[in-house]
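Nothing fancy with the numbering, it's 1 onward along the sequence.
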Amino acid sequence: MVSYVSAFLYGVGGIVVAGMALLVAFQEKLVYVPVLPGLTKSYSITPARLRLLYEDVWLRSSDGVRLHAWFIKLLPECRGPTVLFFQENAGNIAHRLEMVRIMIQRLQCNVFMLSYRGYGASDGYPSQHGIAKDAQAALDHLSQRTDIDTSRIVVFGRSLGGAVGALLTKNNPDKVAALILENTFTSILDMAGVLLPFLKWFIGGTGSKGPKILNFLVRSPWSTIDIVGQINQPILFLSGLQDEMVPPSHMQMLYAKVASHNRECIFVEFPNGMHMDTWLAGGDHYWRTIQQFIGNHVPEIKEHESSHDDKGTFG
C-alpha cells in the first residue's frame, strides 16, 4: 500500500515539476502570440483596403527597437480625440482594422495602432519590460505631433492591451486624458490559475490566497490590479459577461480597486459580449457608451472658450 501511495505522490510531483518546466520555458509563447495558427506574421490587409486615411509610422523605443504603427485619421485636419489603441495578445493590428474603422466613424476620432515589438512589422521579441517601452514611445510620438489635439489623447486597451494601457496611463498623468479598459485581467499571475488550475496554489496576484511561492518564475506578471489603484484619470470599464478567456470577475475587481478613490470611473456590462467580440455584440449601446464617456471626460475645448480664457489671463 505504501508503495502505491509513494508512486502516486511521485507521479503528481512529476506532473507538477513538468508543468513548472513548461511554464519557465514557454511562458512568453503563452502570453504573447504574434502569429495566429495558419497565418503569417505579415499584415493580411492595410487601412488602404478599407479606404482609411492613414500613414505608416516608424518609431524607436528607448532601447533602440524599431517599431511600426498605423496612424489612422478621420480627416486630414481632425482635431477630435485621438485613441491610442493597444491590442490583445494574439495576432496583429491588421486583425483589428474592421473594429477600428467603425470606431473612427462612431467616435469621430483618430486612432493610433501600435505593433508591439515582435508583432507585425516591428522588430524584436515581446516582453513586459519591452512592450512598456514601446507604449511609451507611441505616446511620446503622439504628444509631439502638431496635427492633433494632444490634450485629448485617450488610451484604449483590450485584454493584454488593457494591462499595457493601464501602466502607460499611470506613468503619464499629464499626457493621457482618459483610459478605457475592455475585458482585461487582474494579472497574468491570476490568469495562470485560470488557464492551468493546479497553478493557482503556487502562483497568484495580490488578492490570491495561495502561498505564491512560484511567482518569481513569471517574467511578465502584468499586475494591472496593482496599477489601476494609482490612476487618477477617468476610466471606463467595458466588460463582456460571456468572456470565455478572462473571467468577468477580473474586471469587477479592477473596478473595485479604483472606484473607492477615483470618482470618474464607470463600469458597463454587456450581457452577450465575449472576449473578442464585445464591441460587436454590444452594438449601438457599446459605441454610445464610449462616445458619452469621451464627451463627458475628454471634452472639446471650443475656440471661443480658449479665447475667453486667454483674455482673462492677460486682462
Side-chain angles (χ1 to χ4, degrees), residues 34 41-61 66-117 119-122 131 134-162 164-165 168-169 172 175-182 236 238 276-280 282 286-291 293-295 298 300:
K41 186 173 181 286
S42 61
Y43 303 126
S44 55
I45 61 173
T46 70
R49 178 78 66 84
L50 300 180
R51 297 183 179 180
L52 296 172
L53 179 67
Y54 81 106
E55 64 180 90
D56 284 298
V57 177
W58 295 95
L59 306 169
R60 289 280 180 184
S61 64
R66 187 170 183 257
L67 306 170
H68 176 252
W70 285 327
F71 185 44
I72 308 174
K73 302 184 74 173
L74 174 67
L75 298 167
E77 296 298 326
C78 176
R79 309 298 291 186
T82 294
V83 174
L84 175 51
F85 177 78
F86 295 120
Q87 66 159 76
E88 306 88 329
N89 73 319
N92 60 50
I93 55 176
H95 302 130
R96 280 79 194 178
L97 275 176
E98 181 57 31
M99 187 276 293
V100 166
R101 180 184 67 82
I102 297 174
M103 174 184 287
I104 291 169
Q105 293 175 345
R106 293 299 301 263
L107 305 183
Q108 296 290 287
C109 66
N110 308 307
V111 178
F112 191 92
M113 304 179 73
L114 172 71
S115 277
Y116 309 134
R117 61 183 62 201
Y119 283 70
S122 294
I131 289 176
D134 301 345
Q136 188 64 55
L139 179 59
D140 290 345
H141 169 82
L142 282 178
S143 299
Q144 294 165 10
R145 293 187 71 114
T146 59
D147 59 342
I148 66 170
D149 184 346
T150 56
S151 71
R152 305 186 73 196
I153 296 175
V154 178
V155 169
F156 186 123
R158 180 183 294 132
S159 192
L160 172 66
V164 177
L168 183 70
T169 300
N172 295 270
K175 293 182 179 179
V176 177
L179 171 66
I180 301 173
L181 299 178
E182 180 179 322
L236 173 61
L238 304 172
M276 298 287 287
D277 78 345
T278 297
W279 66 273
L280 191 59
Y286 177 91
W287 295 111
R288 283 191 291 106
T289 296
I290 300 176
Q291 187 177 43
F293 172 76
I294 292 178
V298 193
E300 179 182 3

With a 4.5 Å limit on heavy-atom distance, are the side chains of W279 and I102 in contact?
-> yes
Working for side-chain contact (heavy atoms from CB on, under 4.5 Å), residues I153 and N172 = CA-CA 11 Å; I153 296 175; N172 295 270; over 6 Å; no
Only counting residues at least two apart or in another chain, list the ones meeting salt bridge (Lys or Arg N to Asp or Glu O under 4.0 Å) with R288.
-> D284
pair L97-I93: side-chain heavy atoms closer than 4.5 Å | no
Which residue pairs pass the salt bridge (charged side-chain N to carboxylate O under 4.0 Å, His left out) test with at least one member in residues 79-92, sequence neighbours excluded?
-> E88-R96, E88-R158
Kindly give the heavy-atom pair with the smallest separation between V298 and S151, and that separation in Å.
-> CG1-O, 4.4 Å
Report yes if some heavy atom in the side chain of L142 is under 4.5 Å from a heavy atom in the side chain of K175; otherwise report no.
-> no
Whether Y116 side chain and P34 backbone form a donor-acceptor pair below 3.5 Å = no
Taking C-beta and beyond as the side chain, do D134 and V164 meet within less than 4.5 Å on heavy atoms?
-> no
Any sub-3.5 Å donor-acceptor pair from K73's side-chain atoms to Y54's backbone N or O?
-> no
Who pairs with Y286 by ring pair (Phe, Tyr, Trp, His ring centres under 6.0 Å), at least two apart in sequence or on another chain?
-> F270
Who pairs with D277 by side-chain contact (heavy atoms from CB on, under 4.5 Å), at least two apart in sequence or on another chain?
-> M274, L280, A281
Identify, with sequence neighbours excluded, every residue that meets side-chain contact (heavy atoms from CB on, under 4.5 Å) alongside A90.
-> V33, L36
Mind checking whether T46 and D56 have side chains closer than 4.5 Å, heavy atoms only?
-> no
Does some side-chain heavy atom of P81 sit less than 4.5 Å from a side-chain heavy atom of L107?
-> no
To the nearest 0.5 Å, how far apart are CG in L114 and CG in L168?
-> 10.0 Å
Residues which pass side-chain hydrogen bond (donor to acceptor under 3.5 Å, both in side chains) with T278, listed by chain and number, not counting sequence neighbours = N183
Pairing residues for R152 by the salt bridge (Lys or Arg N to Asp or Glu O under 4.0 Å) criterion, not counting sequence neighbours = none
Side chains of E300 and D149: closer than 4.5 Å at any heavy-atom pair?
-> no
Got a sec, which pairs hit ring-ring contact (aromatic ring centres under 6.0 Å, His included) with one end in residues 74-105, sequence neighbours left out?
-> F85-F156
Hey, are the side chains of K41 and N92 touching, using non-hydrogen atoms and a 4.5 Å cut-off?
-> no
Which residues share a ring pair (Phe, Tyr, Trp, His ring centres under 6.0 Å) with W287, sequence neighbours left out = none
Excluding sequence neighbours, so at least two apart, what forms ring pair (Phe, Tyr, Trp, His ring centres under 6.0 Å) with H141?
-> F112
By salt bridge (Lys or Arg N to Asp or Glu O under 4.0 Å) - contacts of R145 (at least two apart) = E55, D147
For S122, what residues pass the side-chain contact (heavy atoms from CB on, under 4.5 Å) criterion, not counting sequence neighbours?
-> L67, H68, S115
Please round to the nearest 0.5 Å and tell me the distance separating atom CG of L236 and atom CG of L181.
-> 8.5 Å
